[in-house]
Amino acid sequence: NSKVAQFLPGNRSNTIFNILRLQPGVLAAGEQTNDYLLWGSYKGQTQIIFDGITLFNIGSTNDNIGAINPFITKDIEVFKGGYNAQLGDRTGGVVNITGSMGQYEKIGTQVSIDNQLTNGSVNVPLGKKNVLQLMFRKSYFDLMDVKSDKKYDNSYTIDQKFTDANIKLSGFGDNGDQYYISLLGNKDDVAYDVTDKKNKLFSRYHKSDQEQTGGSVYYGKSWKRAGNTSFTLAHSNLTINSSDSHQYKDSLNTSQPTLLNSIVTNGVSESSMKINHHFSTSRKQTWLLGMGLVNNETTFVDETKLAKTNSNRINGFLKNDISVSKKISVEPGVRVDIPLNIKKIYIQPRINITLKPFQYWKVNLAAGIYNQFLVENPIFDSNGNNYNNWGISDEKLIPVIKGVHYISGISYSKNDITISAEGFYKTNNSLSRFINDANSLDLTFTYGESRSLGLDFFIKNKIKKH
C-alpha cells in the first residue's frame, strides 16, 4: 500500500512498478515499465484496473515515470491466475489498483521534487463526510534533453515531456453507503533526431505523443438484511500518434536519397457499466452475482488505410462461497460473455478450493476457463520490426482467445514468518499475429497456441518492527 511504497528502492515516480516487480511470478523483462507479464502471459493479456478504470498503458517513454501517481494509490491486488468469475476480460492476470479515499479530518498537501518532475497533491475535506483530492505531476521543460558532443560524427537530440493529473471526489452516508468520482489523464511526448553530420548519408526523426484519459463513478449501497450492492460506470481511452522520417544516401551515389515516411495513429477505448450484489443465505454460504455491459472501440490509421472496429458485449457472473467445514471451503463460479458482434455465448466455469489440513498450513487449488475479446496483436514488418495494435475479436480475422488455468499452492504461516510455493499451468489458443509485407502492402495472418508452467516461491519474515 501507499504507506510502505515510499520505502521501496527505486524512483518514487514509478511506485507501482517498484511494488509489482518484487512479487513472485511477475516478470518485467529488461526492467521495462510498459507492461507486466504474469505467469507467462503475453502483452495485452494482463488487465490493469484503477478505481474501476481499465488502463491500457501504465508506463511512459521514460522508464522512471509510471502512468499512475503514487500519491493517489492506496492498495494493489495482483491476481496471477486461477481467479474466480467476478474478474474477467483477460486470459492472463489482473492488477487491481484502489485509489486513496482521502483524509476527512483536515486539509493536507504533499509535494515531491526530484531531478525529473514535480509531484503534488491537495486534500480538501468538504464537510465531515466528503473529501476532494487533487494530484498533479509535471516534468521540467527538458526532462530528457540530450545533445551530442561536437567531436562526434553523428549528432542527436532527445526531448521528452510528461504531465498527468488526478481528481477524486469521495464520501459516505449515514447508512454506510459510499461513493466516489475518479478522473485521470496523462500526456507523454517524446521526439528525437539522429543525423550523420560528417558524411550526411543518413538522418532520422521520430516523434510520438501518447494521451490516456479515464474516469469512473462508483456507488455502494448497504442493505440492512439483503447484503450490499455496488454500481460502477467507467470509461477510458488511449491514443498514440507516432511519425517517423528516414533519409538514406548511397555513399557512391549521394544525389539520389531514399526517403521513408510514416505516420501512424493507434487508439483504443472502453466504456463499461457494472452492477454487483453480495449477500448471505446462511452463516456458511454467501453469494456474489453481477452483470454488465462493455463497449470497446479501436482505431488504426496510417498512410494507406483507416481501420475502425466497435463492439458491445453483455456479461454476467455468479459465484458461491461455501464453507463445508472449518478445514474445507469451496468457491464455484461461472462467467458468461455474449459479444453482440459475434452473437455467441461463451460460458466460463471456474472453481477455487481451500484446504486447511493442519494448523498454520493451507492448500489452494484453482481451475477455470477464460476468454478475451479485446486483443493486442503484434504486427511485424518485412524488416523484422514490430509494434502492437489493439483489435476486437470477430472470430474471423481475429479469433477469441481461450485460456485455461490450473493452479495449486501450499503455504505455511506462523507468527512472523510466511513460506509459500505455488505452481501453475496455463494454456492459450487462437493467438494471432500479423505480418505486413512492404511490397504488396498486404497483411498476412498467422495463428498459434501457447503453454506456460512454473513454480513460485515466497518467503517473508518479520523481524521486530521491520
Side-chain angles (χ1 to χ4, degrees), residues 1 4 8 16-29 31 35-49 75-98 288 319 321-333 335 348-372 401-428 449-462:
N1 56 47
V4 302
L8 293 175
I16 304 301
F17 175 66
N18 294 336
I19 293 175
L20 290 180
R21 68 177 176 178
L22 297 178
Q23 307 305 310
V26 180
L27 174 64
E31 298 297 299
D35 197 47
Y36 300 110
L37 308 180
L38 304 185
W39 276 352
S41 58
Y42 282 81
K43 184 174 175 60
Q45 293 180 359
T46 297
Q47 186 178 27
I48 311 295
I49 305 172
D75 296 304
I76 302 175
E77 295 178 289
V78 180
F79 302 90
K80 294 176 287 187
Y83 42 87
N84 217 298
Q86 75 273 19
L87 298 172
D89 296 339
R90 298 293 188 272
T91 60
V94 177
V95 178
N96 185 32
I97 304 169
T98 304
L288 177 62
K319 183 171 77 78
D321 296 354
I322 307 171
S323 179
V324 180
S325 66
K326 293 182 179 180
K327 295 186 176 183
I328 303 175
S329 62
V330 182
E331 297 181 12
R335 186 178 184 88
Q348 304 149 71
R350 304 170 189 179
I351 188 169
N352 298 88
I353 301 174
T354 301
L355 308 175
K356 298 179 180 179
F358 311 104
Q359 188 179 15
Y360 311 124
W361 289 87
K362 184 166 65 173
V363 176
N364 296 314
L365 304 171
I369 296 176
Y370 304 81
N371 289 117
Q372 183 169 337
I401 300 177
K402 179 182 178 181
V404 181
H405 298 183
Y406 300 99
I407 314 297
S408 62
I410 185 171
S411 63
Y412 171 84
S413 181
K414 182 181 179 181
N415 298 329
D416 297 330
I417 187 170
T418 299
I419 303 174
S420 67
E422 198 168 22
F424 64 91
Y425 177 72
K426 299 166 66 176
T427 64
N428 285 301
E449 301 176 350
S450 71
R451 293 193 301 265
S452 62
L453 67 150
L455 183 65
D456 287 348
F457 291 98
F458 179 76
I459 299 177
K460 180 178 72 173
N461 186 23
K462 183 178 179 181

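We count residues from 1, following the sequence as given.
Within the 3.5 Å criterion, the main-chain N or O of K319 finds no donor-acceptor partner in the side chain of N84. Not a single donor-acceptor pair under 3.5 Å links the side chain of N364 to the backbone N or O of N352. Side-chain atoms of T46 do not come within 3.5 Å of backbone N or O of G92 as any donor-acceptor pair.
Contacts of I49 classified as side-chain contact (heavy atoms from CB on, under 4.5 Å), with partners at least two apart in sequence or in another chain: Q47, V94, N96. Residues that satisfy the side-chain hydrogen bond (donor to acceptor under 3.5 Å, both in side chains) test with K402, not counting sequence neighbours, are absent from this structure. Residues that satisfy the side-chain contact (heavy atoms from CB on, under 4.5 Å) test with V330, not counting sequence neighbours, are V324, I328, P332, I351, I353.
Looking at every heavy atom in both residues, P357 comes nearest to W361 through CD-O, 4.0 Å. Contact between A85 and G333 at its shortest, heavy atoms only, is CB-C, 4.2 Å. Smallest separation of non-hydrogen atoms from Y406 and A367: CD2-CB, 4.1 Å. The minimum heavy-atom distance between K80 and D456, with the atom names listed, is NZ-OD2, 3.3 Å. When all heavy atoms of S450 and Y42 are compared, the pair lying nearest together is CB-CE1, 3.5 Å.
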Inset, instruction - Please test D321 against L288 for side chain to side chain contact (heavy atoms under 4.5 Å, CB included), starting from the C-alpha separation and ending with a verdict. - result: CA-CA 8 Å; D321 296 354; L288 177 62; over 6 Å; no
Report, one line per pair, each donor and acceptor closer than 3.5 Å where one atom sits in a side chain of residues 407-423; sequence neighbours left out.
residue	atom	partner	partner atom	Å
S413	OG	T418	OG1	3.4

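Between Y83 and H405, the ring planes are perpendicular. Angles over 60° get that label, and only those under 30° would be called parallel.
Atom-to-atom distance recorded for T427:OG1 and L453:CG is 11.0 Å, nearest 0.5 angstrom. Note that OG of S452 is 5.0 Å distant from CZ of F424, once rounded to the nearest 0.5 Å. Within the model, atoms CD1 of I369 and OG1 of T91 stand 12.5 Å from one another, a figure rounded to the nearest 0.5 Å. Atom CH2 of W39 sits about 9.5 Å away from atom CG of L455, to the nearest 0.5 Å. Atom CD1 in I401 sits 5.0 Å away from atom CD in Q45 (nearest 0.5 Å).
Sorted pairs that involve residues 350-367 and meet salt bridge (charged side-chain N to carboxylate O under 4.0 Å, His left out), not counting sequence neighbours, are lacking altogether. Residue pairs satisfying the salt bridge (charged side-chain N to carboxylate O under 4.0 Å, His left out) criterion with at least one member in residues 81-90, sequence neighbours excluded, are listed as follows: D89-R313.
F79 CZ: more than 12 foreign heavy atoms inside a 6.0 Å radius.
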